[in-house]
Each structure stands twice: as structure tokens, then as C-alpha cells.
Number of protein chains: 2
Amino acid sequence: MGRPRTFDEGQAVAAAAELFAGRSFDGTSVDDLVTCTGVHRGSLYKTFGSKRGLYLSALRHHIDGDVTRVAGEISAAPPGQAVERALAGGAGLGFLLLAATERAAADDEVAAEVSRALDVLDQAFQKDEQATALALGLLIRSRADRPLTP
Amino acid sequence: MGRPRTFDEGQAVAAAAELFAGRSFDGTSVDDLVTCTGVHRGSLYKTFGSKRGLYLSALRHHIDGDVTRVAGEISAAPPGQAVERALAGGAGLGFLLLAATERAAADDEVAAEVSRALDVLDQAFQKDEQATALALGLLIRSRADRPLTP
DNA sequence: CTGGTTTAAGAACGTTCGTTCCTATACCGT
DNA sequence: ACGGTATAGGAACGAACGTTCTTAAACCAG
């Protein structure tokens, strides 16, 4: 059935998600993605169709993985400490943050995924949507290198 | 004294800030900036040095204008309603949000300005840094078209 | 009016972008 | 062993990018 792949699609998507967590969509080039995933350009386009296709795959992977995992930690936290738990694991939520602030407005499909991710977090916070917002805001602060002074 | 300018530098900076509030740095082209500011390419480079120079000028303008204004509204709000006030005027804080999430990590000077803006907001919230975080988080939600369901 | 200086206007620069194409290679079922 | 098929490996594409250069125009001081 043809020459076998030398890359794992899941690993490639995960590597792309890691890259997209640190830079904007337009700030991340296909060359960057080729280098960090190790997937050849042709194979990348064959598999994901476009840079945007890979971005969407990576975002979905991020939500189904990192975001869902953090949501689990939040749900398991004793009441009143959920936000702290979110922050502790929240270092892995950078991609969602970037997708929400930078890409959602320009891409409806991204906006839909962001909305889904926020649903997941809201559920974990028992529908306390302010808690989700607070967690995201604190995440921004930590990213901007201005963490809380406790 | 040479040929007179046909553009107002302050107006150009404000127009650039409006553009940068909606798209990432790399997602905003110099052509876009030339079109929206009405300033010729050559004059733009003569005045601001580079695209990044204009970005920094616009960010400082945003902080000294919009962010400071919102901070004033927060300070003037009755206790307990400060966050609501921040949200009401917060529609104009998109540039700060984008700078913090998308650009600060890649540009130290941007990070310094973001830090300054957070200081301004923290002061307005009487050093309640969680309130600043909550306001930013709620702003993300409203941007992602998922405002609170009150 | 003239010379000097600054901007307007736009062409042009080399580079990088996202994407496509071509060919060699490695596996499959028969 | 062989034909079919899917990938690896790069070269190549036109378009767009940020930036610079050149020339014409508009002002001021003398």
C-alpha cells in the first residue's frame, strides 16, 4: 500500500501545537512547522491540506488533550482551590489563549473550537464562568511575566 | 523647513493602534498600515523607523490613552462594581490583550509596556491583581463571542 | 527668484511566504 | 518478480512581505 510513513501523525500534531502555543498563526511559518514536526512539506500538505488545516488539527488536539486534562484537575480540586489548580496546570493552556485572542476573530472554525474549550472549562468550574475568566486572566499575567505577588 | 506633512502623527498612531487591536503583529502588513493610516510608506519609515517602531508607538499610545481612561473609570467606580466598569469600557483594551498574549514573549520592549499597563490597571483596582486578571479574562470571553450569561 | 530641506509618491529591492510539482524510493498484493 | 501506490526529498512557483531608493513637489530663509 505505498511507501510507509516515517512520521507519526499524532506526534506531528502535538509538535505543531507546541509551536502554535508560542507564536501567532502568521508568526509561525510552514518552514518552522516542517522543522519542528520533522514532517516533509509534501507530506504535511498531503496530510493536513494546508497550514490552516494543521493549525485546526493542532488546536483540536490541544483541547482534547491539555485543556481536558486541566479541566479534570479543576474538577478534582477541593472547592475554593479550583482556580489555583487551573493555574498550576495552566502553563499548558497557551495555545488556547492565543487561539482565543489572536485567531478566533479571523477564523470562524477556530472560534467554534475556542467556544468548545471554554465550555469544557466552564463545566469543570461547575458553570462558574467567572472562574474560567479568572483562570485565563491569571494565565495572561503569568505569560506576561507578571505573576501574582502572593 | 521643507515640504509640510499632510498627515498628523497622532492620528496615524491611533489608526495603527486600532488595526493592531484586531490582528497579530505578523498578521498586519505594512501595506495595511499605509492604507489605514493614510501615511505614505516612505514617511512612515522616516517617522517610525520600522513596522516595529510604529507598533511600539501605537502600543504606548494605547496604554496612555485607552488603558489609562479605563483605569480612571475603574477608580471612580463604587467598590464591588469596578470589574463591571472595566468590562464596560474594556472593549477598547483589545490591543493590550493582543500585545500581552501574542507579542510580549517575542519582544522585551513590548513586554515592558505590557507590564506598565498592568501596573496602571492594578493601581486602579487598588492593587487587587486578581481583579485585573478577572477583567482581562472576561475581556477574552467577550472577544471570543462568549460573554457571560447573566 | 533661488538654494536648501523635507515630504509625497511610487517604483524597486531582495527575502520569505504558502503552496505545488517532480522524481526517486519503499512498501504492498498478486 | 513486478506493477501499483503512497511517501520522501527537494526544487520551483507566484505572491506578499518589510524595507529602501529615486524623483517630483512644496515649503522656508536669503
Side-chain angles (χ1 to χ4, degrees), chain A residues 1-59 95 98-99 102-103 105-110, chain B residues 1-59 95 98-99 102-103 105-110:
Chain A
M1 291 285 262
R3 180 171 174 170
R5 288 186 171 176
T6 61
F7 68 95
D8 177 74
E9 189 168 325
Q11 280 182 20
V13 167
E18 204 167 335
L19 206 60
F20 280 128
R23 322 182 205 169
S24 70
F25 179 80
D26 290 304
T28 308
S29 73
V30 174
D31 277 340
D32 293 335
L33 292 163
V34 166
T35 299
C36 100
T37 62
V39 179
H40 187 79
R41 306 171 80 80
S43 305
L44 202 150
Y45 274 85
K46 182 90 168 178
T47 307
F48 302 104
S50 66
K51 177 186 174 184
R52 176 177 175 270
L54 175 54
Y55 182 90
L56 283 170
S57 291
L59 180 55
F95 192 2
L98 224 47
E102 178 253 325
R103 203 63 198 156
D107 190 321
D108 285 345
E109 228 162 327
V110 171
Chain B
M1 287 277 268
R3 180 172 171 167
R5 287 186 173 177
T6 60
F7 67 95
D8 177 72
E9 188 169 325
Q11 280 182 20
V13 167
E18 204 168 334
L19 205 60
F20 280 128
R23 322 182 204 170
S24 70
F25 179 79
D26 289 304
T28 307
S29 73
V30 174
D31 277 341
D32 293 334
L33 291 163
V34 166
T35 299
C36 100
T37 62
V39 179
H40 188 80
R41 305 171 78 82
S43 304
L44 201 150
Y45 274 85
K46 182 90 166 181
T47 307
F48 302 104
S50 65
K51 177 186 174 184
R52 175 177 177 269
L54 175 53
Y55 181 90
L56 283 171
S57 291
L59 180 54
F95 191 3
L98 224 47
E102 178 253 326
R103 201 65 199 155
D107 190 319
D108 285 345
E109 227 162 326
V110 171

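Letters A, B, ... mirror the listed sequences (proteins, then strands); counts begin at 1.
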From [atom1] of [X] over to [atom2] of [N], roughly how many Å is that when rounded to an integer?
{"X": "Leu54(B)", "N": "dG18(D)", "atom1": "CG", "atom2": "P", "answer": "11 Å"}
{"X": "Leu44(B)", "N": "dT19(D)", "atom1": "CG", "atom2": "C1'", "answer": "11 Å"}
{"X": "Leu33(B)", "N": "dA16(D)", "atom1": "CG", "atom2": "P", "answer": "17 Å"}
{"X": "Tyr45(B)", "N": "dC17(D)", "atom1": "OH", "atom2": "P", "answer": "11 Å"}
{"X": "Met1(B)", "N": "dG3(C)", "atom1": "CE", "atom2": "C1'", "answer": "17 Å"}
{"X": "Asp8(B)", "N": "dT7(C)", "atom1": "CG", "atom2": "P", "answer": "14 Å"}
{"X": "Asp26(B)", "N": "dG18(D)", "atom1": "CG", "atom2": "P", "answer": "8 Å"}
{"X": "Lys46(B)", "N": "dC21(D)", "atom1": "NZ", "atom2": "P", "answer": "12 Å"}

Considering every strand and a 4.0 Å limit on heavy-atom distances, what is the contact class for Phe7(A): base, sugar-phosphate, or nothing?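 Sugar-phosphate, backbone atoms only, no base.
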
Contact class for Thr47(A) vs. all strands (heavy atom < 4.0 Å): base, sugar-phosphate, or nothing? nothing

Look at the side chain of [X] and decide which nucleotide, out of [options], has an atom nearest to it.
{"X": "Lys51(A)", "options": "dG18(D), dT19(C), dC28(D)", "value": "dT19(C)"}
{"X": "Ser50(B)", "options": "dT7(C), dC17(D), dT19(D)", "value": "dT19(D)"}
{"X": "Asp31(A)", "options": "dC27(D), dT20(D), dC17(C)", "value": "dC17(C)"}

Exercise: identify the closest heavy-atom pair between Leu19(A) and Cys36(A): CD2-SG, 3.8 Å

Measure across Ala58(A) and Phe20(A) and return the closest heavy-atom pair with its distance rounded to 0.1 Å.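 Taking Ala58(A) first and Phe20(A) second, the nearest heavy atoms are CB-CD1, 4.3 Å.
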
Of Gly2(B) and His40(A), whose nearest nucleotide on DNA chain D comes first from the 5' end? His40(A)

Earlier contact from the 5' end, DNA chain D, for Arg52(B) and Val39(A):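 The residue closer to the strand's 5' end, by nearest nucleotide, is Val39(A).
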
Below 3.5 Å, does any donor atom in the side chain of Arg3(A) face an acceptor in the base of dT25(C), or the other way round? yes

From OG1 (Thr28(B)) to NZ (Lys51(B)), nearest 0.5 Å: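 These two atoms lie 6.0 Å from each other.
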
Verify the contact: side-chain N or O of Ser29(B) to OP1 or OP2 of dA16(D), cut-off strictly under 4.0 Å; return yes or no.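 Checking Ser29(B) against dA16(D): no side-chain N or O falls below 4.0 Å of OP1 or OP2.
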
How do Arg5(B) and Arg41(B) order along DNA chain C: which one's closest nucleotide is nearer the 5' end?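 Residue closer to the 5' terminus by nearest nucleotide: Arg5(B).
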
When Gly42(A) and Val30(A) are each assigned the nearest nucleotide of DNA chain C, the 5'-most assignment goes to Val30(A)

Salt bridge check: are Arg23(B) and Asp32(B) linked by an N-O gap of less than 4.0 Å? yes

Is any side-chain heavy atom of Phe48(B) less than 4.5 Å from a side-chain heavy atom of Val39(B)? no

